[in-house]
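First the structure, in the form of structure tokens, and then the observations on it.
Residue indices begin at 1 and follow the sequence shown.
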Amino acid sequence: NAELTEFSYRISHDLRAPVISSSGLSDAAKEAIREGDNKSAFIALNHIKSSMTKLENLIEDIIALTKIKLVDIEEEEISLNAMVFEIIQEMDSLENAKDIEITTDIKIEKPIYVKRVFLQQSLENLISNAIKYYNPAEKNPQIQITAHLDKRECMICVRDNGLGIAEEYRAKMFQMFQRFHPQVSFGSGLGLYLILSNVHAL
């Protein structure tokens with residue numbers, strides 16, 4: 001109940017903020033157009049687009065969380081190599097992606113049986129976070145994705161030498177609405193919580 005209360009409060013706040021902001025900015029854009037100030041209008045419209053992108057990302061994360069809670073997903077046979085390769089290709093368009101060396105070492109040739117959406121979503125979050133929060137001061141930014149079998153379990157690891165999370169915040173890593181580098185990239189604060197929920201679902 002406490003988690004649900006916090007979730008409702010934070011969601012209502014995070015949903016309203018970009019809407020209120022965009023409403024005010026749209027008035028500013030209209031006024032600028034009326035006065036023939038196209039530069040100010042474009043600036044306001046860009047801010048609106050940015051706010052709507054944040055809102056879209058938040059809504060997608062909420063939908064993903066709802067799926068985990070409500071949908072009973074069957075396990076299926078997948079190629080882990082193929083999944084990781086596809087995700088890396090999708091992430092290629094992210095800012096900074098081309099500056100980071102991404103290496104893989106997947107020592108699993110046979111298909112694995114898993115609830116695809118939960119594994120894929122978790123890997124996408126981990127890899128995109130590693131790209132978004134890379135360390136510009138690091139001379140050789142790297143992401144390493146490895147996997148091997150330990151008895152009958154598939155052990156998957158995503159490592160990077162990015163900004164990381166300070167020791168004092170580690171206990172809060174998997175809580176809802178925790179943002180550790182808001183000055184670098186705006187996220188919903190649900191990404192790591194979503195990964196933890198996925199792991200439990202798996």
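The side chain to side chain donor-acceptor pair (under 3.5 Å) check on Ser21 picks up nothing, with sequence neighbours excluded. Residues that satisfy the side chain to side chain contact (heavy atoms under 4.5 Å, CB included) test with Ile195, not counting sequence neighbours, are Ser122, Asn125, Leu126, Leu192, Val199. For the side chain to side chain donor-acceptor pair (under 3.5 Å) test, no residue two or more places apart in sequence or in another chain qualifies with Asp150.
For residues 110-120, every residue pair satisfying the salt bridge (charged side-chain N to carboxylate O under 4.0 Å, His left out) rule, not counting sequence neighbours, is listed here: Glu76-Arg116. For the side chain to side chain donor-acceptor pair (under 3.5 Å) condition, the pairs that include at least one residue of residues 78-92, sequence neighbours left out, are Asp92-Lys98.
In this structure, Tyr134 OH and Asp160 CG are separated by 13.0 Å, a value rounded to the nearest 0.5 Å.
Within the 4.5 Å cutoff, the side chain of Leu55 has heavy atoms near those of the Val19 side chain. No side-chain heavy atom of Val117 sits less than 4.5 Å from a side-chain heavy atom of Asn198.
The heavy-atom pair separating Asn96 from Lys132 by the smallest distance is ND2-O, 4.3 Å. Taking every heavy atom of both residues into account, Cys154 and Leu149 meet most closely at CA-CD2, 4.1 Å.
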For residues 30-49, dump all side-chain donor-acceptor pairs below 3.5 Å to protein atoms at least two apart in sequence or in another chain.
| unit_1 | atom_1 | unit_2 | atom_2 | d |
| --- | --- | --- | --- | --- |
| Glu31 | OE1 | Arg34 | NH1 | 2.7 |
| Asp37 | OD1 | Ser40 | N | 3.3 |
| Asp37 | OD1 | Ser40 | OG | 3.4 |
| Asp37 | OD2 | Ser40 | OG | 2.6 |
| Asn46 | ND2 | Phe42 | O | 3.4 |

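Looking only at distances, a side-chain donor or acceptor of Asn161 sits under 3.5 Å from a matching main-chain atom of Gln142.
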- Before giving the answer on side chain to side chain contact (heavy atoms under 4.5 Å, CB included), spell out for Thr146 and Arg159 the whole-Å C-alpha distance, their side-chain angles and the decisive distance to 0.1 Å. CA-CA 8 Å; Thr146 62; Arg159 293 183 180 89; 3.7 Å; yes
